[in-house]
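Every heavy atom of this structure was used, including side-chain atoms; hydrogens, water molecules and symmetry mates were not. Here is the naming used below: chain letters follow the sequence lines, and residue numbers restart at 1 for every chain.
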Protein chains: 2
Amino acid sequence: MAKKSGSPMLATADDEKNLDKKSARTRVRILDAAAQVLSAKGYAGMRLGDVAEVAEVQAPAIYYYFSSREELIEEVMWVGLADMRAYLATALEQAPEDADGLERILIAVGAHLRHELEISDYATAVIRNGGQLPDKIRERQQQEEKKYGAVWRELFQSAAKAGEIRSDLDPYVAQMLVMGTVNWTAEWWQPGRVSIDRVVANAQAFVRNALAPTA
Amino acid sequence: MAKKSGSPMLATADDEKNLDKKSARTRVRILDAAAQVLSAKGYAGMRLGDVAEVAEVQAPAIYYYFSSREELIEEVMWVGLADMRAYLATALEQAPEDADGLERILIAVGAHLRHELEISDYATAVIRNGGQLPDKIRERQQQEEKKYGAVWRELFQSAAKAGEIRSDLDPYVAQMLVMGTVNWTAEWWQPGRVSIDRVVANAQAFVRNALAPTA
DNA sequence: GCATGTTTTGAATCTAGATTAAACTCAGTA
DNA sequence: TACTGAGTTTAATCTAGATTCAAAACATGC
């Protein structure tokens, strides 16, 4: 069940100093556990006791690293969103020079899907809980969330402008429908029945045909 | 925010007797409130106090109608699922005689979407909470959930068999992707920005092209 | 081995909610 | 009018968690 941990790739200036100290690893273990539990049980259902169990510490130890349950949750959401964006950005940077707008959208679909399914509990935590966070927390995420949405919007708008998306589709609605196909995957996919590669290939074919103008 | 109430259409034999008594209406008011709160806050986040407030009663009054919080939630889920299935079945029955497999899928897409967006907090409660219910409750829903899924599977399998779905798509995965596009709508759509008709039309065009073999 | 700072823990505390108990309202009616 | 029972409320009770705290453990440099 538990997938890999969040953003070692995202080490920022002030992380660097203690990336390897045992204590820093415990902190990560707690954060990972929180992402896992949050993803499975939802915002209100996440018990610090469960997080502690997964992280293999006693519940009060969490307070040595985070000042409250809320702060812990906020950090999971923040890291999750930042990771998603970084992962997507990297995938897009590596796109072939000559990729057109539609192809770039398909690259985004693949990256988002892989990140969501094989890499990160943080991503599924973000995807599943966006809706039911209390306002206080949501506001603070809004910023990051907008940035992530902006990347996608940009992809859709430029593809639409280039005539690479069927003109009977509203670009905004089309974007949301595509995000639905990929985000919802977290709800039904599980290792075993269908391979990730197969899901990715199907989703890309699905989206390509959905969007592409009939030749 | 609050949408219409659940399943007056589904009156079964033992409902009929007290459909109009004031007490029966209070019960419905509580159930509707529960659907609304459940949809907004999620399983673990639903407070009986909130439900009571929306239903305009004191919290303990709920116990006159439901023996526990769990039972209340189970009933919301059950009604939600049953309604969705009934609504979908009706829409399919009214499909033109000569509708082919793909057209029937599009009818299902439209019905599901309209039910979800304009009619029922129960539907969104079901859609959003399927994932994070505790096993005890989930098991009891499983049955109903399978029935709903079965209707869709049937649609996809027969369309696939008739060659009305691109052969590079796995029917099961395609079904899940389509359900993602429609279910996810509950997360982003809200009255105002785009009309329901527009969403439905876009979703249908999107799905038609996604699935239809290239001519 | 001892002193000092860091991390973890076990045993309280405190609070929000679910649930229960007992009492109240009031329509119908003998 | 007084009684009855359905429906509802207010005032307990009880419990699961979040949070706090003081005392262990542990590590580290001396």
Per B:Thr26 side chain, nearest of listed nucleotides C:dT9, D:dT8, C:dA21: D:dT8
B:Glu75 and B:Arg27: CA distance, side-chain angles, deciding distance, salt bridge (Lys or Arg N to Asp or Glu O under 4.0 Å) verdict: CA-CA 12 Å; B:Glu75 181 146 350; B:Arg27 186 178 199 277; 3.0 Å; yes
Flag, side chain of B:Asp121 to backbone of B:Ala35, donor-acceptor distance under 3.5 Å: no
Candidates D:dA6, C:dA11, C:dT7 - which lies nearest the side chain of A:Tyr65: C:dT7
With sequence neighbours excluded, residues passing ring-ring contact (aromatic ring centres under 6.0 Å, His included) with B:Tyr172: A:Trp188
Would you tabulate the pairs of protein nitrogen or oxygen atoms and nucleotide nitrogen or oxygen atoms of nucleotides 16-18 of chain D closer than 3.5 angstrom?
residue	atom	partner	partner atom	Å
D:dG17	OP1	A:Arg47	NE	3.0
D:dG17	OP1	A:Arg47	NH1	2.5
D:dA18	OP1	A:Leu48	N	3.3
D:dA18	OP2	A:Leu48	N	3.0

Nearest-angstrom distance from the residue atom CD1 of B:Ile62 to P of D:dA6: 20 Å
A:Arg128 bridged to A:Glu187 by N-O distance under 4.0 Å: yes
N/O (side chain, A:Tyr64) to phosphate O (OP1/OP2, C:dT7) under 4.0 Å: yes
Spacing of A:Gln58 atom CD relative to D:dA22 atom C1', expressed in whole Å: 16 Å
Worked check of salt bridge (Lys or Arg N to Asp or Glu O under 4.0 Å) between A:Glu144 and A:Arg85: CA-CA 9 Å; A:Glu144 272 302 304; A:Arg85 193 154 59 90; 3.5 Å; yes
B:Asn129 side chain vs B:Leu38 backbone, donor-acceptor pair below 3.5 Å: yes
Touch class at under 4.0 angstrom, heavy-atom based, for B:Phe66 against every strand present: nothing
Atom pair distance, as rounded to whole Å: CZ in B:Arg27 and C1' in D:dT8: 17 Å
